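One structure below.
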2 protein chains.
Amino acid sequence: MARRTEGKSGCSVESALAVIGGRWKGVVLYWLSTRTLRFGELRRLLPNCTQRMLTLQLRELEQDGLVKRTVYAEVPPRVEYELTPFGRSLVPILLGLKEWGERYRRRLP
Amino acid sequence: MARRTEGKSGCSVESALAVIGGRWKGVVLYWLSTRTLRFGELRRLLPNCTQRMLTLQLRELEQDGLVKRTVYAEVPPRVEYELTPFGRSLVPILLGLKEWGERYRRRLP
DNA sequence: CCCAATGGTTCCTTTTTGGGTACTACCTAC
DNA sequence: GTAGGTAGTACCCAAAAAGGAACCATTGGG
């Protein structure tokens, strides 16, 4: 998605959705809210997301300051992703979305 | 957006975001959470959204059962949009998004 | 030497969204 | 008869997002 609101006109709901609205961002954020995860772990948690997409979404979340990426100089490489404090400020909303989605799953598309 | 999760695999966060993730849906829902609105009123509230887009977003919200559309057989035509009970169940989350967006507006894209 | 594991990147294609402009129907009021 | 207001549609095009497949670097192990 990476929809960018133009600052002035975009209301705050738009801004918020611009940040979490990517195809896989909500799920990524949700899983990262449970614990720090490696790239490969995230891949396994999102089997329908291609590696490329996962990378892109993580990069955007990183740029938006929601996720911190830590590379360990090891072989094979190890990269860990975790929520920043800013990212954690979003967790209540994510949980809200999750509960709502669960409660109304049967009527959702 | 109209992103459709395939049921089984899609987790509930995905499902929820699929419903509110359209370009203008968050804002439309937010305004409708304040009161019932006519088409023209929504247009004026979303000056950057074209008439066509507004129609499309409203149709999708209607199909997803979040918004109720009522046509009054008058001339000139009058069409009112309001949240269904299902749509209203989303309001707390929308308010959460709005607050979050406001609080962190300066660091958001 | 060859393979495996990890965490990517590149290139190309398809699908999905979004947007612009013009046009409509209907009745009222002038 | 003509203009105006409302709530749309139709058609076409551009941009963005998503997806698929293949490729890369590193190094430990056999």
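All of these numbers come straight from a predicted model, not from anything done at the bench. Order of the sequence lines sets the chain letters (A, B, ...), proteins ahead of strands, with each chain counted from 1.
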**Q.** Rounded distance in Å - CZ (B:Arg59) to C1' (C:dG18)
**A.** 17 Å

**Q.** Distance in angstrom units between B:Arg43 CZ and D:dT9 C1', rounded
**A.** 14 Å

Q.
Looking at C:dG8, I'd like to know if its phosphate oxygens (OP1 or OP2) sit under 4.0 Å from a side-chain N or O belonging to A:Arg69.
A. yes

(Q) So, does A:Arg38 get its side chain near the phosphate of C:dG7, meaning an N or O under 4.0 Å from OP1 or OP2? (A) yes

Q. Whole-Å distance between C:dT15 P and A:Asn48 CG?
A. 18 Å

Q | Closest nucleotide among D:dA18, D:dT26, D:dT6 to the A:Gln57 side chain | A | D:dA18

Q. Toward the 5' end of DNA chain C, which comes first, B:Val75 or A:Phe39, by nearest nucleotide?
A. A:Phe39

Q: Kindly say if A:Arg52 contacts the phosphate of D:dA22, meaning a side-chain N or O under 4.0 Å from OP1 or OP2.
A: no

Q: Please report the shortest heavy-atom distance between A:Ser33 and A:Val91, naming the atom on each side.
A: CB-CG2, 3.8 Å

Q | Among D:dG19, C:dG19, D:dG5, the one nearest A:Met53 by side-chain distance | A | D:dG19

Q: Looking at every strand, decide which applies to A:Gln51 at a 4.0 Å heavy-atom threshold: base, sugar-phosphate, or nothing.
A: base

Q. B:Arg38 and B:Tyr81: side chain to side chain contact (heavy atoms under 4.5 Å, CB included), yes or no, with the steps?
A. CA-CA 6 Å; B:Arg38 299 183 54 173; B:Tyr81 292 92; over 6 Å; no

Q: Would you indicate what B:Tyr72 reaches in the nucleic acid, counting non-hydrogen atoms under 4.0 angstrom: base, sugar-phosphate, or nothing?
A: nothing

Q: State whether B:Arg78 places a side-chain N or O below 4.0 Å from either non-bridging phosphate oxygen (OP1 or OP2) of D:dG8.
A: no

Q | Lys/Arg-Asp/Glu bridge criterion (N-O < 4.0 Å) met for B:Glu14, A:Arg23 | A | yes

Q.
Using whole Å, what does the distance between atom P of nucleotide C:dG18 and atom CG of B:Leu46 come to?
A. 13 Å

Q.
Can you identify which nucleotide, out of C:dT6, C:dG19, D:dG19, has its nearest atom closest to the A:Pro77 side chain?
A. C:dT6

(Q) So if I take every side-chain heavy atom of B:Pro76 and compare against D:dG8, D:dG19, D:dT6, which nucleotide ends up nearest? (A) D:dT6

Q) Just how far, in rounded Å, is P of D:dA7 from CD of B:Glu62? A) 15 Å

(Q) In this structure, how many angstroms lie between the P atom of C:dA5 and the CD atom of A:Glu74, rounded? (A) 17 Å

Q: Scan B:Ser15, B:Ser89, B:Ser12 and name whichever one has a side-chain hydrogen bond (donor to acceptor under 3.5 Å, both in side chains) with A:Trp100.
A: B:Ser89

**Q.** Gap between atoms CG and C1', on B:Leu54 and D:dT9 respectively (whole Å)
**A.** 14 Å

Q) Roughly, in whole Å, what's the span from CD in B:Glu60 to C1' in D:dG8? A) 16 Å

Q: Apply side chain to side chain contact (heavy atoms under 4.5 Å, CB included) to A:Leu37 and A:Leu45, showing your working.
A: CA-CA 10 Å; A:Leu37 288 165; A:Leu45 288 168; 3.7 Å; yes

